[in-house]
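Whatever order the structure lists ligands and atoms in, that order sets their numbers, starting from 1.
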Amino acid sequence: MTNIGFIGLGNMGGPMAQNLVKAGFAVTAHDIVPQAVQKLAEAGATPAATTAETVKNADIVITMLPAGEHVETAYLGAGGILENAKPGALLIDCSTINAQTARQVAAAAKGKGFDMLDAPVSGGTAGAAAGTLTFIIGGDDAALERARPVLEKMGKNIMHAGKNGAGQVAKICNNMLLGVMMIGTAEALNMGAKNGLDPKTLSGIMAKSSGRNWALEVYNPMPGVMENVPAARGYEGGFGTDLMLKDLTLAQAAAEAGGAETPLGKAAREIYARHSADGHGKLDFSSIQKHFSGDA
Ligand code: NAD
């Protein structure tokens, strides 16, 4: 049986690790928050108190951590994954971090004989719970084929973007476009409303016209247009403003590293930073609507 060491059992990692337990893998689970470990133990995982204990018998190590500095410490730090993983283990980092850190950690892993993938995800906490995430992979074909049977238990789309770091770049391109699209959609709906249009009627018109897009049709930011979206429940749940701000900040780092012009990505980052500073960091990112409607 494949032994999996899973580190980082938060909003995403918790349900992802639970899906691996349900699929019959032997999962050893660790988080710095003991309650998160306890929850996984109740679901059938073996609890581990340290990173070293989590990885020492693992054939595959998966990390789902907040940001680049946590990933660096977990892999490269004293008592970390590279010091303690079983020879030949496959390492998969699912966190969203900057591509440069992903490449550095993968190079260090390779130097010690480990295959490594960056595998950030799209699909949010609902996708993590349902096992329907999209994995966006950076790394070698052979490593991806080793990972596939495990990734398939947590997601339904496994997309190969390119070499190490490419998964992070692709993820951040997508989320920059999403941020821009959400702002554009909120801006347009608000302009229509301020000129006397019903947002639901306007959304229906634009959905059949050339302005159609995911934010408008699947995740409408205006209350009263759709059911079962964050706008219908005071923007609770979903994908937080602060997480979008983090991704837009990573996008600006990628733009600078690649020498790319991203004026709309830059403006989107500034607008989300203001929205967060206005106290909406924990609300879903579609709450940017409030920024335009004036109830911010
Ligand atoms: P989270 O803060 O809920 O979970 C992160 C977990 O990592 C926490 O439980 C924390 O205690 C743990 N942790 C931190 N440092 C650790 C260490 N050194 N050792 C062990 N555990 C440690 O975050 P999340 O929402 O699960 O997001 C995780 C990653 O996934 C982030 O990079 C985020 O950008 C990305 N992501 C999140 C979503 C979402 O909707 N939440 C969607 C797609 C991608």
Side-chain angles (χ1 to χ4, degrees), residues 5-19 28-40 45 47-55 58 61-85 91-99 101-102 105 118-137 154-155 157 159 167-168 170-176 178-179 182 219 230 235-251 253-254 272 281-286:
F6 205 115
I7 299 172
L9 308 168
N11 292 328
M12 296 294 288
M16 289 164 71
Q18 287 198 24
N19 281 333
T28 302
H30 172 63
D31 194 290
I32 48 176
V33 175
Q35 294 89 321
V37 181
Q38 179 59 28
K39 207 166 161 193
L40 247 289
T50 63
T51 296
E53 195 185 325
T54 315
V55 304
V61 174
I62 302 176
T63 47
M64 191 46 157
L65 299 166
E69 62 265 29
H70 307 96
V71 172
E72 241 177 320
T73 307
Y75 282 88
L76 309 180
I81 296 167
L82 296 195
E83 260 183 22
N84 292 287
L91 314 178
I92 307 174
D93 179 40
C94 296
S95 328
T96 301
I97 64 170
N98 69 68
T101 303
V105 174
D118 40 298
V121 303
S122 180
T125 50
T132 56
L133 293 170
T134 293
F135 285 91
I136 308 171
I137 310 289
M154 300 183 285
N157 297 304
M159 315 294 294
Q168 298 295 351
K171 157 90 190 180
I172 234 59
C173 288
N174 180 71
N175 279 27
M176 183 179 81
L178 175 63
M182 182 56 81
Y219 211 88
Y235 302 105
E236 294 298 331
F239 181 57
T241 288
D242 282 344
L243 283 176
M244 175 51 88
L245 178 57
K246 172 196 154 192
D247 288 359
L248 289 168
T249 304
L250 288 175
Y272 271 105
K282 299 284 170 268
L283 294 183
D284 179 73
F285 81 115
S286 64

What is the distance from atom [atom1] of [X] to atom [atom2] of [Y], rounded to the nearest 0.5 Å?
X	Y	atom1	atom2	result
K171	M176	NZ	CE	14.0 Å
D284	Y219	CG	OH	3.5 Å
S95	Q168	OG	CD	7.5 Å
I172	T96	CD1	OG1	6.0 Å

Which atoms from ligand 1 have a heavy atom of [X] less than 4.0 Å away?
X	result
T96	32 (O), 34 (O), 35 (C), 44 (C)
F239	40 (O)
V33	11 (O)
I7	19 (N), 20 (C)
K246	31 (C), 32 (O), 33 (C), 34 (O)

Pick from [options]: the one approaching [atom] most closely through a non-hydrogen atom:
atom	options	value
atom 44 (C) of ligand 1	H70, K171, Q35	K171
atom 7 (O) of ligand 1	G10, P15, P66, G237	P66
atom 6 (C) of ligand 1	D31, N11, I32	D31

- Distance to 0.1 Å, residue and atom name: give those for the protein heavy atom nearest to atom 30 (O) of ligand 1. M64 CE, 3.2 Å
- Query: Can you tell me the protein heavy atom closest to atom 22 (C) of ligand 1 and the distance?
  - Reply: L65 CD2, 3.4 Å
- Short side-chain to backbone donor-acceptor contact, Y272 and F285, under 3.5 Å: yes
- Item | N/O donor-acceptor pair under 3.5 Å between K39 side chain and G14 backbone | no
- side-chain hydrogen bond (donor to acceptor under 3.5 Å, both in side chains) partners for N84, two or more places apart: none
- Message: Looking only at side-chain N and O atoms, does Y75 offer a donor or acceptor that is under 3.5 Å from a partner on D93?
- Response: no
- Query: Should M12 be counted as touching ligand 1, given the test is an N or O pair under 3.5 Å?
  - Reply: yes
- Message: What I want to know is whether C94 and ligand 1 share at least one N or O pair that is separated by under 3.5 angstrom.
- Response: no
- Message: For I97, which part has a heavy atom under 4.0 Å from ligand 1: side chain, backbone, both, or neither?
- Response: neither
Using a 3.5 Å cut-off and no angle test, enumerate the donor-acceptor pairs between side-chain atoms of residues 236-244 and protein atoms at least two apart in sequence or in another chain.
residue : atom : partner : partner atom : Å
T241    : OG1  : H280    : O            : 3.4
T241    : OG1  : L283    : O            : 3.1
D242    : OD1  : S276    : OG           : 2.6

